[in-house]
**Student:** 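Here it is: the structure, laid out below.
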Amino acid sequence: MAKELSEILVEMGTVTPEHIKRAELYARQNNTTLAEAIVLLGFAKEEQVTSALAKHFSMPYASRENGILNPEREQNLQKIIPEKFARENLVVPLFIEDNTLAVAFYDPSNLFLSDNIRMMAGKEVQPFIASKSQILAVIDSFYGHKNLLDEVVNETGEGKNVASTVSDEDVQIEGGSLDLDRASGSSSQYIKLVNAILKQAISERTSDIHLEMFDERVSLRFRIDGSLYERTPPNKDSVAAIISRIKILSKLDIAEKRLPQDGSFSIKYQNRTIEVRVSVCPAVYGEKLVLRILDRGTGEMNVDKLGFEPEQKKAFLEAANLPHGLIFLTGPTGSGKSTTLNAVLTTIRTPELNFMTLEDPVEYKLAGISQVQVKPQIGLTFAAGLRSFLRQDPDVILVGEVRDNETAEACLKAALTGHLVLSTLHTNDALGAIPRLIDMGMEPFLLSSSLALVAAQRLVRILCPYCKVPYQPDPAMIAKIMNEGHFKPRDVSTWTFYKAVGCPKCVGTGFLGRRAIYEVYRIN
């Protein structure tokens with residue numbers, strides 16, 4: 001008889017019986033599985049739970065680490081299981097042997113899915129079990145990215161029907177309809193075009209989409225890993241319809257073209273929920289549209305993978321486990337400050353403490369934490385929300401950003417009255433936070449007694465591992481870097497340097513992903 005998952009996890013030493021009780025309660029209250037609850041509550045890592053599930057189902061475990069979750073490219077597996085089916089059902093074809101297709105499943109208990117694959121492939125199915133995050137990562141790598149946007153823009157410009165190119169089922173608007181049943185002719189074309197832009201941006205790991213008009217041309221750019229890249233723009237006649245479509249989705253006023261407008265909407269795409277924040281601003285040649293894409297499925301909520309050096313991680317977690325005090329993380333917009341603070345909250349979260357956050361907007365939904373969205377138009381500002389929080393008996397408070405003297409004073413009072421407060425500031429470095437806070441009206445003697453830690457953060461791009469090539473840099477450049485960085489003299493002749501090239505995996509940029517670098521000061 002197969003052992004229960006909870007029993008296996010306890011025997012493995014992954015969780016304690018107390019963790020199991022809390023996870024079972026959370027699973028019942030939130031209509032989720034025990035495995036998902038354990039991961040969401042931070043009691044175990046996803047790979048540990050998946051490994052236990054493999055023992056529970058008596059099924060082989062596939063991962064990138066053990067080399068099994070590595071599809072055979074020469075066996076034409078993409079034709080047997082199409083990309084859309086793989087993403088929607090969280091499966092990956094691995095290899096074919098003796099008329100048996102090996103498939104990695106996220107949910108191996110779904111017998112109907114196994115039968116569907118058997119009929120689709122015309123082969124017997126050998127199931128493996130793998131984690132959701134690794135399956136999605138392997139799908140991205142195995143199927144690659146198709147340049148749908150070029151095709152759709154060209155077809156739209158030529159007046160062709162693009163319905164066969166982009167299915168409206170691929171991009172689903174949460175809480176609303178795509179209006180495709182009622183749309184016809186040109187309006188349907190523009191809906192398809194918006195879908196194609198969103199799909200292409202998501203597949204290329206885009207953080208922001210910029211669409212703007214100039215005197216003679218239209219510019220469409222995607223920000224990938226911090227840099228903007230030109231993409232095939234729609235024709236000039238399509239821009240107004242595209243912006244109107246986005247305004248409708250964001251519940252903005254389509255007739256208002258004189259004032260800036262901000263809104264948001266959510267989409268369901270390939271088993272992921274993606275938040276799209278919209279900003280429309282009037283410019284000389286027409287409105288400029290910027291979409292910020294927040295993929296809830298890609299946020300790394302693990303402190304170990306953020307990029308901290310060991311001493312930095314130790315200092316940050318020491319400060320985060322204090323009963324009271326102020327922690328400030330500084331850096332420019334888009335440098336990952338919210339991701340870092342949410343990862344820290346996830347790490348220190350326990351049922352014994354009351355956690356509350358005040359954000360604009362709420363970018364990550366965190367299990368077991370009360371999160372509040374500020375709404376300045378009705379008086380719910382950071383300062384007003386923080387004053388209300390103090391009547392909610394909180395232990396740990398996250399304030400999205402300190403923007404003014406009133407918010408700074410409210411944070412200081414909260415820290416001085418026995419609360420741990422985490423927040424962000426816009427300064428150029430970590431120590432710049434101190435004069436900035438004093439300039440906001442904080443008394444130096446009160447700041448010195450309440451400030452626990454200040455840190456600064458930036459994101460740096462990582463060379464694509466699939467196409468980077470070794471090269472020998474100019475010795476004068478190495479000497480300049482060593483001198484300016486105040487590095488100790490060292491022999492660099494044995495080092496191997498690499499440079500970016502560009503390939504389909506990294507969409508021709510030469511870079512694949514970013515990691516954070518930190519400057520951390522523990523105040524004593």
Side-chain angles (χ1 to χ4, degrees), residues 145-173 176-204 206-224 228-269 274-293 507:
H145 303 302
K146 299 175 183 176
N147 200 347
L148 293 171
L149 186 57
D150 285 349
E151 187 177 347
V152 174
V153 168
N154 290 337
E155 290 186 358
T156 305
E158 295 169 8
K160 296 180 183 178
N161 186 355
V162 299
S164 60
T165 308
V166 184
S167 168
D168 53 285
E169 294 176 357
D170 293 341
V171 181
Q172 299 175 353
I173 307 301
S177 166
L178 284 172
D179 297 324
L180 287 173
D181 294 335
R182 294 189 296 273
S184 60
S186 60
S187 61
S188 177
Q189 298 281 61
Y190 297 133
I191 292 172
K192 299 287 187 182
L193 185 52
V194 169
N195 287 0
I197 292 172
L198 290 171
K199 286 180 66 176
Q200 188 71 23
I202 294 166
S203 70
E204 294 185 4
T206 301
S207 62
D208 299 87
I209 302 171
H210 292 243
L211 177 65
E212 53 192 319
M213 289 210 339
F214 296 102
D215 189 17
E216 299 294 336
R217 68 184 184 91
V218 175
S219 171
L220 177 65
R221 293 178 294 172
F222 290 174
R223 187 177 294 279
I224 304 171
L228 284 169
Y229 297 92
E230 291 277 358
R231 290 293 178 261
T232 304
N235 61 56
K236 207 166 184 179
D237 297 334
S238 304
V239 174
I242 290 171
I243 294 176
S244 293
R245 169 66 180 159
I246 296 294
K247 284 182 176 180
I248 291 170
L249 295 178
S250 312
K251 297 179 174 58
L252 301 179
D253 184 358
I254 61 172
E256 179 57 75
K257 298 183 180 180
R258 302 165 301 167
L259 297 172
Q261 294 188 75
D262 297 309
S264 65
F265 62 94
S266 295
I267 62 175
K268 275 279 194 182
Y269 177 63
I274 294 166
E275 186 82 19
V276 182
R277 279 166 33 198
V278 178
S279 175
V280 184
C281 185
V284 174
Y285 295 106
E287 292 176 294
K288 175 176 179 177
L289 176 71
V290 177
L291 306 179
R292 167 67 57 88
I293 296 176
V507 206

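Note that the coordinates shown come from a computational prediction; the quantities given were computed from them, not determined experimentally. Sequence positions, counted from 1, serve as the residue numbers for this chain.
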**Student:** Given Glu204 and Tyr229, is the side chain to side chain contact (heavy atoms under 4.5 Å, CB included) satisfied, shown in steps?
**Tutor:** CA-CA 11 Å; Glu204 294 185 4; Tyr229 297 92; over 6 Å; no
**Student:** I want to check something: taking the side chain as every heavy atom from C-beta on, are Val290 and Cys281 in contact at a cut-off of under 4.5 Å?
**Tutor:** no
**Student:** Using a 3.5 Å cut-off and no angle test, enumerate the donor-acceptor pairs between side-chain atoms of residues 252-261 and protein atoms at least two apart in sequence or in another chain.
**Tutor:**
from   : atom 1 : to     : atom 2 : distance (Å)
Asp253 : OD1    : Ala255 : N      : 3.0
Glu256 : OE1    : Arg258 : NH2    : 3.4
Glu256 : OE2    : Arg258 : N      : 2.8
Glu256 : OE2    : Arg258 : NE     : 3.3
Glu256 : OE2    : Leu259 : N      : 3.3
Gln261 : OE1    : Asp253 : N      : 3.0
Gln261 : NE2    : Asp253 : O      : 3.0
Gln261 : NE2    : Glu256 : O      : 3.1

**Student:** Can you confirm whether Arg217 sits close enough to Pro233 that some side-chain heavy atom of one is under 4.5 Å from a side-chain heavy atom of the other?
**Tutor:** no
**Student:** Which atoms form the tightest heavy-atom contact between Lys236 and Phe214, and what is the distance?
**Tutor:**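 Closest approach of Lys236 to Phe214, heavy atoms only: NZ-O, 3.5 Å.
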**Student:** Pick from Ile267, Ile197, Ile209: which one makes a side-chain contact (heavy atoms from CB on, under 4.5 Å) with Ile202?
**Tutor:**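 Result for side-chain contact (heavy atoms from CB on, under 4.5 Å) with Ile202: Ile267.
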**Student:** Considering residues at least two apart in sequence or located in another chain, which fulfil the salt bridge (charged side-chain N to carboxylate O under 4.0 Å, His left out) criterion with Glu212?
**Tutor:**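 Listed in chain order: Arg221, Lys288.
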**Student:** Roughly how far, to the nearest 0.5 Å, is CE of Met213 from CD1 of Ile243?
**Tutor:** 7.5 Å
**Student:** Just so I know, are the side chains of His210 and Ser219 near enough to count as touching, which here means a heavy-atom distance under 4.5 Å?
**Tutor:**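 Of all side-chain heavy-atom pairs linking Ser219 with His210, none is under 4.5 Å.
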**Student:** How far does CG of Leu220 sit from CD of Glu230, to the nearest 0.5 angstrom?
**Tutor:**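 Between atom CG of Leu220 and atom CD of Glu230 there are 8.0 Å.
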**Student:** Rounded to the nearest 0.5 Å, what separation is found between the CD1 atom of Ile274 and the CZ atom of Phe265?
**Tutor:** 10.5 Å
**Student:** In Å, rounded to the nearest 0.5 Å, how long is the span from CD1 of Ile224 to OG of Ser207?
**Tutor:** 8.5 Å
**Student:** In Å and rounded to the nearest 0.5 Å, what is the CG to CZ distance from Leu291 to Phe222?
**Tutor:** 9.5 Å
**Student:** To the nearest 0.5 angstrom, please state how far the CD atom of Glu287 sits from the CD1 atom of Ile242.
**Tutor:** 13.0 Å
